[in-house]
Amino acid sequence: MNIETGPIPRLPRGFRDIPPEDVLLRERMIASVCSVYRRYGFEPLETPHIEYLDALGKHLPDVDAPDGGVFAFRDDSAEWVALRYDLTAPLARYVAEHEKDIVFPYRRYQVGPVFRLEKPGPGRFREFYQCDFDTVGAGSPAADAEACCALADALEAAGVERGGYIVKINNRKALNGALEAAGVVSAADGSASDNSLVVLRAIDKLDRVGMDGVIRLLGEGRKDESGDFTKGAGLSNSQIDSIVKYLRASGSGRTDVCDTLFEAVKDSETGREGVSELRAIHDMLSAAGFGEDRAVFDPLIVRGLAYYTGPVFEAALTFETTDERGEKKQFGSVAGGGRYDTLVERFLGRKVPATGASIGVDRLMSALKQLLPPDASAYSAPVLVTAMDPSLMPEYQKLVFEIRSAGIPAELFTGSGGFRKQLKYADRRNLPLAVICGEDELNSGTVSIKDLLLGRELSKDIKDRAAWVDDRPAQITAPRSELVATIKRMLSDNIK
RNA sequence: GCCGAGGUAGCUUAGCUGGUCUAAAGCGCUUGACUGUGGAUCAAGAGAGCAUGGGUUCGAAUCCCCUCCUCGGUACCA
């Protein structure tokens, strides 16, 4: 700690170490989610963590300091490269690069860490896992509908019960229709002006800042309780009224939503198109048996702001969590996606329809930790073969391999220290059983096996040392030949 | 980016109207006793110089300023 020289052991800002139980939980979760993707016909793909900066879609920084947002640096030929910030941009690059070899529609899934150079916040880190799946080369709403189904099924596979989540679907075209109706964008131009982004952002915040907040954001702006002022879109009152009318246009069922949406956007061709895509998605969902309990239409879903061009969706967990202040909150969004028909266009110069979604692995994991019983995340810690008599090491090695051969995780104590220290080691590591073989056992052709978990319970009632040491609680001695069978029995007792 | 709260042993904290602090406590850790057994008990012990740098002062963990970092809110979010 106090050494004058040498580096300080510390983690870069926004990064973290993942403890063993979380690593294991994540592995299990990813495995279940990916098996769903595969069932839907998606195939795996891995791309490197690093891409050329321009391929990721960020433009070269002016000077040596790269733009905020991505971790970028020059490689040995002075080319700008960057850590990927999502899995979609690399997919676009991959598809464009292998266009001639890929069979379309191309369906792939990919899991891995992505990196963002942003301010870390509660539950937000600079490295996090995403679990993506996309269909490239299919423009039909059927592909969008399927993505929503896959999202729902994946969440269930991960351990979220039906009813514990909801997939919310909207269409950017419907949203744009509403903006056209309000006169924020003109139908002719259609391109996203700066102002339309501000409006979309305001809509996106409805759940957090409430209708009043949104109205303020659409107008002059809004000051939050920390005193920070957010500049508004500066819309006129009649424009705001028009947007608010859209925001209130949610209905009870999918077809209701479509009907009210249609009323709100019927003057816009884009809007009408958006609604008809939603109707197509509804037909697909219904045919697949996905009812309103799993997927709903929600005109308020905006999703990101940049590249979505059609249907957008997001999956939220509906169970409530209590934060440290005792306030109840819905857990919220754990996955999202949508249609992006222009991403590959950057490379090929023509539109390539694509749609997909991504599960935020880390957020889903923290939800799962609250949902699943605690020992669902416990892993099978190894049985410890103690080394009471160092001269018997070869014998101990034999025991360990015998246990391992039976498929039971086992380890030989290879540290230094006496028997007492070895049991303490096992105790601190929470190991379930200790195999003991000293002189007594050797002479009688037996082994002793101690149930450390049970022993820990029993120790609560033991007062004096003699009882603790001599009675050998939770320990049995079995014939050497029954080693594995005895261990198996004790392990299964232990689980109960 | 902006606003706010903080940074004292591995952890949680006390001290913060300056001196008695070469910094205290609990937990944890190490060693030993109890002589093949983790717990309990008893005994000994290691471990921070108070985030960093500067300033005020005879004197600073305690006051002031910069920076860094953490936490929270807000903004952004491909």
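Note: hydrogens, waters and symmetry copies are ignored here, and every other heavy atom, side chains too, is used. To find a chain, count down the sequence lines: A is the first, B the second, and so on, and within it residues start at 1. Just so it is clear, the model here is predicted, and its values are computed rather than measured.
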Check whether any side-chain nitrogen or oxygen of [X] sits under 4.0 Å from OP1 or OP2 of [N], and answer yes or no.
X: A:R222; N: B:rU74; value: no
X: A:R208; N: B:rG73; value: no
X: A:K119; N: B:rG72; value: no
X: A:R420; N: B:rU37; value: no
X: A:R116; N: B:rA78; value: no
X: A:R465; N: B:rG38; value: yes
X: A:W468; N: B:rU37; value: no

Under 3.5 Å, side chain of [X] to main-chain N/O of [Y], donor-acceptor pair present?
X: A:D86; Y: A:A89; value: yes
X: A:Q239; Y: A:A182; value: yes
X: A:R172; Y: A:V302; value: yes

Watson-Crick or G-U wobble mate for [N], both contacts under 3.5 Å:
N: B:rU57; answer: none
N: B:rC2; answer: B:rG73
N: B:rC50; answer: none
N: B:rG7; answer: B:rC68
N: B:rG18; answer: none
N: B:rG39; answer: none

With no angle test and no hydrogens, is the base of B:rG36 tied to the side chain of A:E441 by a donor-acceptor pair under 3.5 Å? yes
Look at the side chain of A:R124 against the base of B:rC77 and say whether a donor-acceptor pair falls under 3.5 Å; ignore hydrogens and angles. yes
Determine the interatomic distance between [atom1] on [N] and the same-named atom on [M]; round to the nearest Å.
N: B:rC29; M: B:rG4; atom1: C1'; value: 37 Å
N: B:rC66; M: B:rG55; atom1: P; value: 16 Å
N: B:rA46; M: B:rA5; atom1: P; value: 40 Å
N: B:rA14; M: B:rG7; atom1: P; value: 9 Å
N: B:rG28; M: B:rU41; atom1: P; value: 9 Å
N: B:rC2; M: B:rU62; atom1: C1'; value: 30 Å
N: B:rC68; M: B:rG18; atom1: C1'; value: 26 Å
N: B:rA48; M: B:rC34; atom1: C1'; value: 34 Å

Donor + acceptor pair across side chains of [X], [Y] (<3.5 Å):
X: A:T446; Y: A:T477; result: no
X: A:Q110; Y: A:T47; result: yes
X: A:N176; Y: A:T270; result: no

Need one value for [X]: base, sugar-phosphate or nothing, where a base atom within 4.0 Å counts as base even if backbone is also close, heavy atoms only.
X: A:I436; value: base
X: A:Q422; value: nothing
X: A:K463; value: base
X: A:K205; value: sugar-phosphate

5'-most contact on RNA chain B: A:D451 or A:T88, nearest heavy atom basis?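 First, find each residue's nearest nucleotide; the 5'-ward one identifies A:D451.
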Consider the side chain of [X], meaning its heavy atoms from C-beta on, and name the nucleotide among [options] that approaches it most closely.
X: A:Y85; options: B:rA78, B:rA75, B:rU37; value: B:rA78
X: A:V70; options: B:rC29, B:rA78, B:rG38; value: B:rA78
X: A:E118; options: B:rG38, B:rU37, B:rC76; value: B:rC76

Determine whether A:Y340 and A:D134 satisfy the following criterion, side chain to side chain donor-acceptor pair (under 3.5 Å), listing intermediate values before the conclusion. CA-CA 10 Å; A:Y340 50 97; A:D134 299 84; 2.6 Å; yes
Between B:rG38 and A:Y425, is there a base-stacking contact, meaning the centre of the base's six-membered ring lies under 5.5 Å from the residue's ring centre while the planes stay under 30° apart? no
Could you state the CG-C1' distance from A:D389 to B:rU37, rounded to the nearest angstrom? 16 Å
Atom CD1 of A:I462 and atom C1' of B:rU37: how far apart are they, to the nearest Å? 11 Å
Is the A:F42 ring parallel, tilted or perpendicular to the A:F133 ring (thresholds 30°, 60°)?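 Rings of A:F42 and A:F133: perpendicular, over 60°.
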Can you tell me whether the base of B:rG49 sits syn or anti, using the 90° cut around 0 to define syn?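 This nucleotide is in syn.
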